Amino acid sequence: MPRGAFNSFPDEAINFLVSLGAHIPEEIARDVRSKLAIRRSDSGPVQSTHKNDTVTFTRKRRVLQCLCGSDHTAGPKPSKERATPWKNVGCPFYFDITTTHMSGGDEELLTVDEVVGHLSHSPECDATVTMDQNARIPLEPRLRDYLLFELESGLPLAKLKEKARSWASKNLGDAPGNNHHRFILNNGDMSSLYRTQARLRGILRQPPEQNIDLWFRRDNPAPPDPRLSAACLSYSPHIKGQTERLCLIFSTPEQQALAWRFGHKQHMLMDLTFGFCNGRLLLAVLMALDEHKRGIPVSLIVFSAKEYTKAVHSDYNTEVLQKLLAEFKAAMGTNSDGEQFEVTVGTTDNDTRERKALLATWKEILLLLCIFHTWQSWRNGLNRFLRSITDDDDRKSTRRRLAKFAIQLLKETTEYSEVIAAYNTEIRFFESVGRKRAESAKKMSKAALAFLGYFQSYLKEKEFWVSWSPAGALLAAEKLGIPVSQVARTTNALESWNARAKGRYISHHQHSGRLLRPDHWIYVMVIHAIPEMLADWLAKRQRASYYEGMKSTAPLIAAPTLRSRQAPESNPPPADASPPLPSERPVPRSLEEVRASAEQWIAQAMSLVPAPSPVQDISTLEDLEKDPTEEEEAALEDADTDEIEALLANATLLGEEPVYASPDGMYNFHSPNPTDTHNLQLTAASVSLQKTHPISLKIWHSTAMISLPT
């Protein structure tokens, strides 16, 4: 049909297209059994031809082809397997249709301008009346929009499918579909919904590092949300041949304010983790502690492993961490007093790389070691070295003695000299056990001394001993100006947050439980997870402040007017009326709105009166005397002979041991309350007496008896 043939008769045009089996997305819905499909389309603006009319229209051109003449092996995207349901019999039917629409809105169809093409099907096509495979039927648009809304709100996948069935039954009926759409979900629908969700969020279908660079690059960044720009403290891309890693440090304005409030010149925790996304990335978390010792992650530091590295989880060193911490400190700038961000006390796990990086960044920092990780290392050591003791009773008694010794050092002993004395006591005791003739005693001695040789690394340097001992907690309390009971001696708050960041805060954004792409993970953390975490923290703070305020005696108030004497309301609320729900924080559209919203949130959080801090309890540590579980036993590796020999060589007496003399000066003791013969050393004056006479000595301040054999 020539151009303009249908302009005066639009209904006739529609009827003609329907007779061809054609469809126009804005006007004529496609029957899923139709053989015609749109193969190509384009559009452009068209200016009105009237002189005084400035209206702009949209002209669209589409090419429709019979699927029985579509060759899946040809074209720009050929495929080996045919996904088209109709068999290819070489049908020549196609036509090119041009239409004009109103611009914007629903793009209402105004005219059908032209229909040109080969409008006859081949005999083979006419004879083909059944598809070779199931038709490709799209999901009902309203149902799809509903599912996208629920998906964005964080509804889990299983619940989402249940919601889809319920919504479809209520709004579309119980039928599985109609000629145009289906009302039930297929297996591939969730992937399609996730891709649509990513597109709506502004996450382009390109490699994640390209999206990250697009959002955070120095020149002309184009993030999908201004909150991403506000959260970026530092970014350096990985450029092949120039840099080894991608590095990104982000902290939302709320996190930065909380860092200055609870982290500056106070106690901070640090830990590294991996396995949070599907990329080769590592994550360092810096956490501050509020008045109740609740953890607040104030910065997330993401960096990639080097290209050629296989063990991603360990591909970092002190220099890398030091550089990133220095960038964080510089990006935090200064406070209103002109001070740079400083940390007084820092706690880590057993990773020496983290500790050295912290010390290099903040020279005056006091480093503490998480006593849970310390205890865990000792427990693993006991499990590993004592398994060579075959007799159950001997193994349990040895474990019981060493566990009591270790826990006492971890929880009670504050003097270094007393620690050394206790260690030397254990060395002497198990050396004496090894001098017995029984083979079982020798096994006990060798296993225990191997553990003590391993344990010596925690004692031989006084500075390292301070980091995990009660003495370190006392020193931290002095530096922070708080009671020692308020010093957090574990990184449990950070470990707990790591678990929630990989589970509760992120799982409902994952695709069927699969880890997110790095760019998607960053988006979800900044836009959803961190705000949710801060909302939880604020709710706990509000609850504590509320209950603290309710502890005081209620003030006297004026007597109320009884309801029976009150005038009736002119417009009383309905009986089932409920208070309005608090509105969510509005989504900011610019950096200025992001910062203004953050300032308002911080003012609200800091206006609350905190309740007194609870006493920290470390008595929940699992008893070291407990035998290893089956899982622990299965994961253990036998210590090899060379390792045992090296540890036995290390199991030697340490210096700085106090010596306690008897009142007559003839005997020296390495403990004020000796209970074993190995605690006693004879002075030179008593050696000759010991050689000629067996002695039985009663300690002057103890009922313990110590016998000296001839």
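Here the structure is a predicted model, which means the values were calculated and not measured.
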Cation-aromatic face contact R201/Y523, 6.0 Å, 45 degrees: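 Checked: cation-pi criterion not met.
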Thinking salt bridges, do [X] and [Y] make one under a 4.0 Å N-O criterion?
X	Y	answer
E599	R595	no
D315	R245	yes
R280	E307	no
D349	R355	no
R217	D219	no
K60	E107	yes

Apply the side-chain contact (heavy atoms from CB on, under 4.5 Å) test between D113 and each candidate in T100, V46, I97; give the one that qualifies.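 Only one option passes, and that is T100.
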I need the minimum non-hydrogen distance between S43 and T58, along with the two atoms involved.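 Closest approach of S43 to T58: CB-CG2, 4.2 Å.
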Can you find a side-chain donor-acceptor pair between [X] and [Y] that sits under 3.5 Å?
X	Y	answer
R61	T99	no
T196	R144	yes
H267	T347	yes
Q266	T344	no
Q197	H511	no
Q47	T56	yes

Within the distance-only criterion (no hydrogens, no angle test), does the side chain of [X] pair as donor or acceptor with the backbone N or O of [Y] below 3.5 angstrom?
X	Y	answer
Q133	T84	yes
N211	P208	no
T243	I239	yes
N186	D189	no
S34	R30	no

Say you draw a straight line from CD1 of I602 to CD of Q255; how long is it, rounded to the nearest 0.5 Å?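 Output value for this atom pair is 10.0 Å.
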Measure up the [X] and [Y] rings against each other and bin them: parallel (under 30°), tilted (30 to 60°), perpendicular (over 60°).
X	Y	value
W537	F262	perpendicular
W362	F328	perpendicular
W521	F276	tilted

Above 12 or not: heavy atoms from other molecules or residues under 6.0 Å from CG of N187? no
Apply the test side-chain hydrogen bond (donor to acceptor under 3.5 Å, both in side chains) to residues E339 and H264: give CA-CA distance (whole Å), side-chain angles for both, the deciding distance (0.1 Å), then the verdict. CA-CA 9 Å; E339 299 173 324; H264 177 53; 3.0 Å; yes
With a 4.5 Å limit on heavy-atom distance, are the side chains of D213 and E209 in contact? no
Are L64 and R62 packed together at the side-chain level, in the sense that at least one heavy-atom pair is separated by less than 4.5 angstrom?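 They are in contact (side-chain heavy atoms under 4.5 Å apart), so the answer is yes.
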